[in-house]
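The structure presented is a predicted model; accordingly, all values stated were derived computationally and were not measured.
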Amino acid sequence: MAGAALPSPGWANVPTGYDWNVAPPMDARDDFVAWMVKNRGEDALYLGDRFDRFEQLLEHRDLFTIRDKRAFLMVPREEFCLKVNRPHAYDRAFLDIGFGVTISGPNLVGRMTSSIAVQRGEKVLEIGTGSGYQSAYLSNLTDQVWSIEIIKPLFERTRRLYDSLIERGYSEYKSITTKNADGYYGWPEHAPFDKIIVTCGIDHVPPPLLQQLKDDGIMVIPVGPPGSQHVLKVTKKVGADRAITVARTDIYGGAIINFVPFTKLVDGVINGRH
């Protein structure tokens, strides 16, 4: 499973160029499916599943704004799942993507992404590229996305997937810059970032990531011991005296969400967790 490729399901190329000012219909399933087939060349079966999950996200208040709704609907989540899991691409559950890690459920991705309120033009850093779905989602909210993956073969597989999707017409993914590294230390060459999203669990907020967050910047991160994380929205404030204060809120009101661990590199090898 760890070495499983993600071959394209074989859809047609995207027939219409990407337009930030255009959104698919959001009020009726049939209208959405027809529009997406015409303008994005995607499979009607998965599109129906996507719209059904979209309505679930609305019911659970996981999508906050019209931009969040558009971003969710524009991303073909099935492309980022292993072939064996594609029938479950829009299930709420975490799904295996090989290498001992998972793709988070769409409700969780929606809530975490909505919580950082990404605006077009903002610089966003993702820690834990994984399947690539999260950054694909972000690329429908801003044109400046950086993403770090610690597992080298997963990083390589996902980079190939992005490049193949770009060739097929998903030009929004050109805005995603990736690298293979230990995400704990961020990406200082491109800092500061307006928003940071962390997709692996840790028992503290990494100081390098907080340092690389702008004044008034927002980070969403699962914090807590293994198996008992809370998803926190962390807002950084820098005072006139340059003193830093941090405000934290739990985006799930205290509910525990279990994430894969925030692993670390030691002499170039993944060894333990931060």
Side-chain angles (χ1 to χ4, degrees), residues 99-101 104 108-109 112-113 115-119 121-132 134-135 137-139 141-142 144-152 154-156 158-159 175-226 228-251 257-274:
F99 306 102
V101 293
S104 297
L108 179 58
V109 175
M112 289 180 70
T113 308
S115 294
I116 59 175
V118 177
Q119 303 303 308
E122 288 187 330
K123 295 172 65 176
V124 182
L125 174 64
E126 178 196 17
I127 306 301
T129 311
S131 69
Q134 175 68 75
S135 279
Y137 196 127
L138 289 167
S139 74
L141 293 166
T142 184
Q144 298 194 72
V145 181
W146 285 263
S147 186
I148 303 173
E149 174 54 52
I150 196 171
I151 303 171
K152 187 173 183 180
L154 180 56
F155 156 76
E156 293 170 341
T158 300
R159 186 67 258 174
S175 67
I176 304 169
T177 303
T178 59
K179 76 170 180 176
N180 170 227
D182 188 333
Y184 187 89
Y185 305 102
W187 206 328
E189 305 95 300
H190 294 292
F193 297 96
D194 298 282
K195 309 287 166 62
I196 297 176
I197 187 163
V198 181
T199 62
C200 41
I202 189 169
D203 63 5
H204 62 283
V205 176
L209 297 184
L210 191 60
Q211 183 179 28
Q212 291 172 39
L213 192 62
K214 282 185 178 180
D215 181 22
D216 289 324
I218 303 171
M219 181 190 317
V220 64
I221 178 172
V223 176
S228 186
Q229 283 105 21
H230 296 270
V231 186
L232 301 184
K233 175 182 176 181
V234 177
T235 304
K236 175 182 174 180
K237 297 283 187 181
V238 181
D241 60 355
R242 309 309 298 168
I244 294 174
T245 58
V246 174
R248 305 184 184 200
T249 56
D250 188 323
I251 71 169
I257 312 289
N258 189 20
F259 283 75
V260 297
F262 200 134
T263 52
K264 63 180 177 180
L265 284 179
V266 179
D267 297 326
V269 177
I270 297 175
N271 187 350
R273 62 186 68 182
H274 284 288

Notebook entry, point to check: How about L138 and I197: do any of their side-chain heavy atoms sit closer than 4.5 Å?
Noted result: yes
Note to self: Suppose the criterion is salt bridge (charged side-chain N to carboxylate O under 4.0 Å, His left out): which pairs have a residue in residues 188-199, not counting sequence neighbours?
What the structure shows: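 Output for this query lists E122-K195, D194-K214.
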Which heavy atom of [X] sits nearest to which heavy atom of [Y], and what is that distance?
X: M112; Y: V231; result: CG-CG1, 3.9 Å
X: T158; Y: G132; result: CG2-CA, 3.6 Å
X: E126; Y: S135; result: OE1-OG, 2.5 Å
X: F259; Y: P222; result: CD1-CB, 3.5 Å
X: T142; Y: G121; result: OG1-N, 3.1 Å
X: T129; Y: S147; result: OG1-OG, 2.6 Å

What is the distance from atom [atom1] of [X] to atom [atom2] of [Y], rounded to the nearest 0.5 Å?
X: S228; Y: D203; atom1: OG; atom2: CG; value: 11.5 Å
X: I202; Y: I127; atom1: CD1; atom2: CD1; value: 10.0 Å
X: I196; Y: I218; atom1: CD1; atom2: CD1; value: 11.5 Å
X: H230; Y: T249; atom1: NE2; atom2: OG1; value: 13.0 Å
X: K123; Y: W187; atom1: NZ; atom2: CH2; value: 11.0 Å

Notebook entry, point to check: Is the backbone of S139 close enough, under 3.5 Å, to the side chain of S175 for a donor and an acceptor to pair up by distance?
Noted result: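 Absent.
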Note to self: Quick check against the 3.5 Å criterion: does Q212 have a side-chain atom that pairs as donor or acceptor with the backbone of Y185?
What the structure shows: yes
Anything under 3.5 Å between a donor and an acceptor, one on a side chain of residues 232-241, the other on a protein residue two or more places apart or in another chain? List them.
| unit_1 | atom_1 | unit_2 | atom_2 | d |
| --- | --- | --- | --- | --- |
| K236 | NZ | L210 | O | 2.9 |
| K236 | NZ | Q211 | O | 3.4 |
| K236 | NZ | L213 | O | 2.7 |
| K237 | NZ | D216 | OD1 | 2.6 |
| D241 | OD1 | A243 | N | 3.0 |

Which side-chain N or O atoms in residues 176-183 pair as donor and acceptor under 3.5 Å with protein atoms at least two apart or in another chain?
| unit_1 | atom_1 | unit_2 | atom_2 | d |
| --- | --- | --- | --- | --- |
| T178 | OG1 | R159 | NH1 | 3.2 |
| N180 | ND2 | E149 | O | 2.9 |
| N180 | ND2 | I150 | O | 3.1 |
| D182 | OD1 | Y184 | N | 3.0 |
| D182 | OD1 | H274 | NE2 | 3.0 |
| D182 | OD2 | L265 | N | 3.0 |
| D182 | OD2 | H274 | NE2 | 2.9 |

